[in-house]
Amino acid sequence: MATKQVEIEEVPRPIYAEIDVQALKHNLRRMRQIAGDRTLWAVVKANAYGHGLENAVHAFADADGLATIDLCDAERARRHGWHKRILLLEGFFDETDIEPLQDLDVETVIHSPWQIEILRNHPLREVKVHIKVNSGMNRLGFLPIEVGTIQEWLQAIPGVKVMGVVTHFANAEPSYMRDAPASVDKQLARMGRLSHSQTAACMANSAAILWHPEVEGDAVRAGVALYGLSPDSHISSEELDIIPAMTLSAKIIAIQEISPGEVVGYGSRWRAERPSRIAVVACGYADGYPRSMPDGAPTWVEGQIAPLVGAVSMDMLEIDITDIPEAKLGSLVELWGKNLDANRVAEACGTIGYELICALARRVPLRIKE
Ligand SMILES: *Cc1c(COP(=O)(O)O)cnc(C)c1O
């Protein structure tokens with residue numbers, strides 16, 4: 001039997017993430033307000049925290065630069081008309097990155113001696129570098145005491161232009177601060193004079209921008225707050241005057257009326273204690289909704305919270321709508337977003353909102369709300 005050629009233009013599954021461009025713009029203005037006249041890098045790694053790099057390029061037009069991890073992102077941003085600065089937060093990964101770095105005019109972090117070796121051995125036109133300083137997080141960077149030497153080494157390489165120093169805070173969120181061995185003040189103390197080099201230090205992430213005005217420097221790197229999510233799950237977006245830009249929604253595609261004692265989903269994890277109305281929602285772990293989510297995790301439908309029941313499947317999940325008679329076939333269920341803070345949902349399974357929004361699967365269509 002011959003199959004008929006059909007074209008399916010829209011993904012037929014009833015799930016989408018709405019991206020609110022006005023919210024992204026509002027959040028950028030908000031961070032700009034706090035950052036003052038410092039250079040504002042908009043961090044767009046992980047596909048702009050799941051919001052779509054192209055949307056970020058468009059919405060963050062007033063930022064001074066984009067910061068990301070991947071040269072492919074830099075190429076995409078340039079292709080979409082981004083003419084301002086671009087910075088690779090983890091630096092380049094291989095010698096083969098050096099030519100595209102220069103072709104695309106992308107600045108790079110230098111965090112390790114092997115990167116300096118590559119710069120020495122490759123003929124350069126111009127590579128703009130930022131020296132990464134390890135001020136106590138012990139992830140990337142040179143110790144503050146090494147920075148002088150590293151700077152001399154770099155400046156001695158023809159074609160290398162040293163732009164400044166960068167460091168990163170491990171605990172700039174108020175609720176992380178208690179007794180943190182690497183608190184902001186301890187990291188600043190380790191930076192010493194480097195943190196005061198007004199000309200060329202870039203230290204603050206969203207949390208430090210929001211809660212640590214004592215962090216100086218001439219540039220900041222704003223990530224999660226630009227997407228409307230609080231870096232600290234104990235402080236709401238509203239309190240910070242930022243607006244969640246991603247709302248993940250899926251429709252109810254089936255309803256089961258079940259008796260007490262019946263069980264729901266793989267592994268029969270959840271058991272009904274009363275006659276229950278169970279809605280099947282077209283969102284699963286292959287969409288980025290964590291399988292580790294426990295019974296009772298919040299979802300939002302028809303203006304009320306409905307608890308998750310049973311294990312999340314690959315393409316579906318179930319919620320208890322017994323107490324929400326308005327919920328019906330076709331009702332949109334919000335998994336996180338404007339009405340349901342991603343941090344609150346994340347907390348239910350022991351993670352942070354960052355992870356949920358970044359892990360939104362590629363198969364979920366983004367609907368752009370201008
Ligand atoms: C991701 C990242 C940021 C942005 O952090 P937020 O908490 O999202 O603001 C800043 N700097 C570096 C080095 C990063 O990797």
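Whatever order the structure lists them in is the order used to number ligands and atoms, beginning at 1.
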* Asked: Is the backbone of Asp94 close enough, under 3.5 Å, to the side chain of Asp97 for a donor and an acceptor to pair up by distance?
  -> yes
Would you be so kind as to tabulate the donor-acceptor pairs closer than 3.5 Å made by side chains of residues 300-307, with sequence neighbours excluded?
| from | atom 1 | to | atom 2 | distance (Å) |
| --- | --- | --- | --- | --- |
| Glu302 | OE2 | Ser331 | OG | 2.7 |

* Asked: Think Arg120 forms a cation-pi with Trp153, using NZ or CZ under 6.0 Å from the six-ring centre and within 45 degrees of its axis?
  -> yes
* **Those atoms of ligand 1 less than 4.0 Å from some heavy atom in Val224** => 6 (P), 8 (O), 9 (O)
* For Ala222 and ligand 1, does the shortest N/O to N/O distance drop below 3.5 Å? -> no
* **Top protein contact for atom 12 (C) of ligand 1, by heavy-atom distance** => His168 CE1, 3.4 Å
* What residue and atom, counting heavy atoms only, is the protein's closest point to atom 7 (O) of ligand 1, and at what distance? -> Tyr354 OH, 2.6 Å
* Among protein heavy atoms, which sits nearest to atom 1 (C) of ligand 1, and what does the distance come to when rounded to 0.1 Å? -> Lys45 NZ, 1.5 Å
* So which protein heavy atom does atom 9 (O) of ligand 1 come closest to, and at what separation? -> Ser206 OG, 2.5 Å
* Structure fact -> Any heavy atom of Glu90 under 4.0 Å from ligand 1? The part involved is neither
* Heavy-atom contacts with Asn205 under 4.0 Å: which atoms of ligand 1 show up? List them by number with element. => 5 (O), 9 (O)
* Considering only protein heavy atoms, which is closest to atom 10 (C) of ligand 1, and at what distance to one decimal place? -> Arg221 NE, 3.4 Å
* Looking at Tyr49, which atoms of ligand 1 are within less than 4.0 Å of one of its heavy atoms? -> 1 (C), 4 (C), 5 (O), 6 (P), 8 (O)
* Residue pairs fulfilling ring pair (Phe, Tyr, Trp, His ring centres under 6.0 Å) with at least one residue in residues 29-58, sequence neighbours excluded -> Tyr49-Tyr227, His51-Tyr227
* Asked: Any side-chain donor paired with an acceptor under 3.5 Å for Glu99 and His122?
  -> yes
* **Nearest heavy-atom neighbours spanning Asp315 and Ala286** => OD1-CB, 4.4 Å
* Asked: Within the distance-only criterion (no hydrogens, no angle test), does the side chain of Asp287 pair as donor or acceptor with the backbone N or O of Tyr289 below 3.5 angstrom?
  -> no
